[in-house]
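The structure appears right after this line, and notes come after that.
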There are 2 protein chains.
Amino acid sequence: MQYETLKAILKKNGSSLTHTRRYIFDLLWGQGPQSMAVLISRAGDKVDRATIYRTIELFERLGIVTRINVGWKYRVELSDVFTDHHHHLHCTNCGKVIDLPSNPMLETMIDTLSAKADFSPRGHTLEIFGLCPACSRA
Amino acid sequence: MQYETLKAILKKNGSSLTHTRRYIFDLLWGQGPQSMAVLISRAGDKVDRATIYRTIELFERLGIVTRINVGWKYRVELSDVFTDHHHHLHCTNCGKVIDLPSNPMLETMIDTLSAKADFSPRGHTLEIFGLCPACSRA
DNA sequence: CAAGAATTGCAAATTTGTCGCAATTTCTGC
DNA sequence: GCAGAAATTGCGACAAATTTGCAATTCTTG
């Protein structure tokens, strides 16, 4: 289950799964990309701002979360370790962000293209902009 | 030439190509992704920071610039309208960002995948993380 | 060229992210 | 389970990044 994986990743890096970290992980679990402001607000006075920043930084460094751009600011979400690898469809009209499950062929192509440039790919983010189903009909 | 295109895009949206905007465009022209801090510093006292923020926001809204994530912060660069469509290889070791020319098949696949989700794609950004040629040999 | 609209600079206000350090929690070896 | 050591957290205080209001200036149009 997810806490075991989380704990294992942390332990492997000499960190531990504290009360607070589990709480922040829970804030991320099952949600789409969230801004720091939202996370801080959702945490209320349960967790201090500084701790949230420090935890997200740690989580990102250990590959637990991924950071993506949404418009001006960034948002964070659990990485592929905890969710299926996916990309994002950003509606430029209503602002909604929709998950798009990835496709093996697309992944292969991205890796191949990188490798041809003599680059060793480890991961990627693909953000697609356009109109969501609702807005493209309006 | 590029200023005509720029002017046309602005005009179409009821804005005009002012000295200041042309100056900021010039700061972007021919350069890779730049941080706001760099743009502000390069502008010196020619353009106020607030104006740079406002202009970049306008440019992004009109599709003149694209914003990408580099680690923690974002950077801006001219959009596909002014450069060849490309993606970025981010070396997680030395921090270098390398342009990767795109591939028609990849583009097609991305559009097709979006369309299957009933989404109308208008553009995208693909950021690949890994080791650059130099770092992967070290 | 004049009038009105858009744009810019300036300075102040917010917001966002960081840091140092003391208090608390977690981990380890009994 | 307990003591001591190490890691983590909260709490300001900071520092940096971004936004905003408004008056002065620049553009656009007729």
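In the text below, chain A, chain B and the rest are named by the order of the sequence lines, each starting its count at 1.
Within the 4.0 angstrom heavy-atom criterion, only backbone atoms of the sugar-phosphate kind lie near B:Lys46; the bases stay farther away.
The distance between atom CD1 of B:Ile52 and atom C1' of C:dT7, rounded to the nearest whole Å, is 14 Å. Look at CG on B:Leu58: it is 14 Å from P on D:dT19, rounded to the nearest Å. Rounded to an integer number of Å, the gap from NZ of A:Lys11 to P of D:dA6 is 17 Å. Note: NZ (B:Lys12) to C1' (C:dA6) measures 19 Å, nearest angstrom. Regarding A:Leu10, its CG atom lies at a distance of 13 Å from the C1' atom of C:dT26, rounded to whole Å. Atom OH in A:Tyr23 sits about 18 Å away from atom C1' in D:dT8, given to the nearest Å. In this structure, the CZ atom of A:Arg22 is 11 Å from the P atom of C:dT26, given to the nearest Å.
The aromatic ring centres of B:His88 and A:His124 sit 6.0 Å or more apart.
OP1 and OP2 of D:dA7 both lie 4.0 Å or more from every side-chain N or O belonging to A:Ser15. Between C:dT26 and A:Ser16, no contact under 4.0 Å exists linking OP1 or OP2 to a side-chain N or O. OP1 or OP2 of C:dT8 has at least one side-chain nitrogen or oxygen of B:Arg21 nearer than 4.0 Å. Applying the 4.0 Å criterion to OP1 and OP2 of D:dG10, one finds that A:Thr51 has a side-chain N or O inside that range. Neither OP1 nor OP2 of D:dT8 sits under 4.0 Å from any side-chain N or O of A:Thr18.
Salt-bridge annotation for B:Arg137 and A:Asp118: present, with a side-chain N of the basic residue lying under 4.0 Å from a carboxylate O of the acidic one.
Listed here is the closest heavy atom pair of B:Cys132 and B:Lys96: SG-CE, 4.3 Å.
Tracing side-chain contacts under 4.5 Å through hydrophobic residues (I, L, V, M, F, W, Y), one never reaches B:Leu131 starting from A:Leu113; they form parts of separate clusters. Note: the hydrophobic cluster containing A:Trp29 also contains A:Met36 (ILVMFWY, side chain heavy atoms under 4.5 Å, direct or indirect links). Residues A:Val97 and A:Phe129 fall into different hydrophobic clusters, defined by Ile, Leu, Val, Met, Phe, Trp and Tyr side chains chained together at heavy-atom separations under 4.5 Å.
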### Query
Starting at the 5' end of DNA chain D, what dot-bracket string do you get if Watson-Crick and G-U pairs under 3.5 Å are bracketed, crossing pairs use [ ], other-strand pairs use | and unpaired bases use dots?
||||||||||||||||||||||||||||||

### Task
Start with the C-alpha distance between B:His87 and B:Thr125, add both sets of side-chain angles, then the distance that settles side chain to side chain donor-acceptor pair (under 3.5 Å), and finish with yes or no.
CA-CA 7 Å; B:His87 302 302; B:Thr125 61; over 6 Å; no

Could you pull out the protein-nucleic contacts involving nucleotides 15-19 of chain C (nitrogen or oxygen on both sides, under 3.5 Å)?
| unit_1 | atom_1 | unit_2 | atom_2 | d |
| --- | --- | --- | --- | --- |
| C:dG17 | OP1 | A:Tyr74 | OH | 3.1 |
| C:dG17 | OP2 | A:Tyr53 | OH | 2.4 |
| C:dG17 | O5' | A:Tyr53 | OH | 3.4 |
| C:dG17 | N7 | A:Arg49 | NH2 | 3.0 |
| C:dG17 | O6 | A:Arg49 | NH2 | 2.9 |

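Looking at B:Phe25 and B:Leu78, their side chains come closer than 4.5 Å, going by heavy atoms from C-beta outward.
Within 6.0 Å of atom NE2 in A:His19, 12 or fewer heavy atoms from other residues, nucleotides or ligands are found, so the atom counts as exposed in its surroundings.
Here the side chain of B:His19 is nearest to one of D:dT9, D:dC27, C:dG9, namely D:dC27.
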